[in-house]
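Heads up: the structure comes next, in structure tokens.
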Amino acid sequence: MPSDDPQFQYFDGQMRASFPALLAQYEAQSAVVAPSGTLDLRYGPHERQRFDFFGAGSGPSGKPLGTLLYFHAGYWQSRDKATFRFIAPAFTRRGYNVALVNYPLCPSVTLAELMDAARASVPRVLDHLASLGQAPGALIAAGHSAGAHLAVELALTRWPELGARAQAVDGVIALSGIYDLVPLVATSINDKLLLDIRTAQAQSPLHRVAPGAAPALFI
């Protein structure tokens, strides 16, 4: 298959024999971390609108430095936050709360509906911080692959209902993200996304980046 074929670039060429063992390792490490968090907090009516919260150690000021919202990979159609709980201690040790966010999966919802559901996590996480007596601090949206797409979309969202935090996301860490979804239309990934060219363009943040967006680290 030619290397410029979308099916190869976005799916077949990404497969590695080591993936099952790697995911099993992640899950074992995450099981060790799980008891230190508050798990499956609801942020909406869908069964998968839940997040895990891991509280920070103190930053230099004696207070948390901020909160990392992490969205898992899986091409918007697979995986679960529980597999990635192992990432939390690296951030909590440095003074950051971690919220690992699940979201509805395609094809049970459209990608547009998925994105709307994921957006609801932001005000709910802020409410949770307030319930702990914490000022919001910096809110960093992060994710891998499909999760990076969601993180960027959150950074481009405005929440008028949040008043002074209408642009709620202060920064982005985006790992191997997909920001132009049009090439996916020609791949097997689209069997569950059900995108056409118009809807793929509409869900592509690459076309909506504007001055004043939150600073971002793309890896």
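It should be emphasised that the depicted structure is a prediction, and the values quoted were computed from it without experimental measurement.
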Note, F86 side chain near V32 side chain (heavy atom, < 4.5 Å): no
A148 to G177 - nearest heavy-atom pair and separation: CB-CA, 3.5 Å
side-chain contact (heavy atoms from CB on, under 4.5 Å) evaluation trace for V185 with D196: CA-CA 6 Å; V185 172; D196 56 28; 5.7 Å; no
Heavy-atom pair with the smallest gap, counting every atom of S121 and A118: OG-O, 2.7 Å
same_hphob_cluster(V152, L206) at 4.5 Å side-chain heavy-atom cutoff: yes
Derivation of the side-chain contact (heavy atoms from CB on, under 4.5 Å) call for W76 and L150: CA-CA 9 Å; W76 308 275; L150 298 180; 4.1 Å; yes
Side chain proximity check, F53 to N97, heavy atoms < 4.5 angstrom: yes
T92 side-chain N/O to G55 backbone N/O, donor-acceptor pair under 3.5 Å: no
R124 vs R42 side-chain heavy atoms within contact, under 4.5 Å: no
Pairwise side-chain contact, L154 with M115, heavy-atom cut-off 4.5 Å (strictly under): yes
Closest non-hydrogen atom pair, L156 against P205: CD1-CB, 3.8 Å
Any donor-acceptor N/O pair, N190 side chain to L195 backbone, under 3.5 Å: yes
D170 (side chain) donor-acceptor with I140 (main chain) under 3.5 angstrom: no
Distance flag, aromatic centroids of H72 and Y103, threshold under 6.0 Å: yes
Minimum heavy-atom distance Q167-A214, with the two atoms named: NE2-N, 3.5 Å
Ionic contact status for R50 with D80, cut-off 4.0 Å: no
Heavy-atom side-chain contact between Q134 and P64 under 4.5 Å: yes
R48 side, atom CZ; S108 side, atom OG - distance, nearest 0.5 Å: 8.5 Å
Distance, nearest 0.5 Å, that separates OG of S78 from CG of L105: 7.0 Å
Separation of K81 NZ from F71 CZ (nearest 0.5 Å): 12.5 Å
Pairwise side-chain contact, D40 with D52, heavy-atom cut-off 4.5 Å (strictly under): yes
Validation row: I219, H144 side chains within 4.5 angstrom (heavy atoms): no
Distance (rounded to the nearest 0.5 Å) between L139 CG and L162 CG: 10.0 Å
Whether Q77 side chain and Y75 backbone form a donor-acceptor pair below 3.5 Å: yes
F11, CZ: over 12 other non-hydrogen atoms inside 6.0 angstrom: no
NZ/NE/NH1/NH2 to OD/OE distance under 4.0 Å, R119 and D116: yes
Student check: side-chain heavy atoms of L194 and T199 closer than 4.5 Å: no
Working for side-chain contact (heavy atoms from CB on, under 4.5 Å), residues L100 and F54: CA-CA 8 Å; L100 295 161; F54 295 85; 3.7 Å; yes
Main-chain N/O of L184 paired to T187 side chain as donor or acceptor, under 3.5 Å: yes
For the student: nearest non-hydrogen atoms of Q49 and P104, plus distance: CG-CD, 4.2 Å
Residue pair E153 / T157: nearest heavy atoms and the distance that separates them: O-OG1, 2.8 Å
side-chain contact (heavy atoms from CB on, under 4.5 Å) evaluation trace for L68 with I173: CA-CA 9 Å; L68 183 86; I173 303 173; 4.2 Å; yes
Whether R94 side chain and A90 backbone form a donor-acceptor pair below 3.5 Å: yes
Parallel, tilted or perpendicular, as decided by the 30° and 60° cut-offs, for the rings of F51 and H128: perpendicular
same_hphob_cluster(V172, V209) at 4.5 Å side-chain heavy-atom cutoff: no
Check: S188 main-chain N/O paired with Y10 side-chain donor or acceptor under 3.5 Å: no
H149 side chain to Q203 backbone, donor-acceptor under 3.5 Å: yes
Proximity of Y179 and F218 rings by center, below 6.0 Å: yes
Path from I87 to L217 over hydrophobic side-chain contacts below 4.5 Å: yes
CG-CG distance between L132 and D127, expressed to the nearest 0.5 angstrom: 11.0 Å
Nearest-0.5 Å distance, CZ of residue F84 to CD of residue Q29: 11.5 Å
D180 (side chain) donor-acceptor with S204 (main chain) under 3.5 angstrom: no
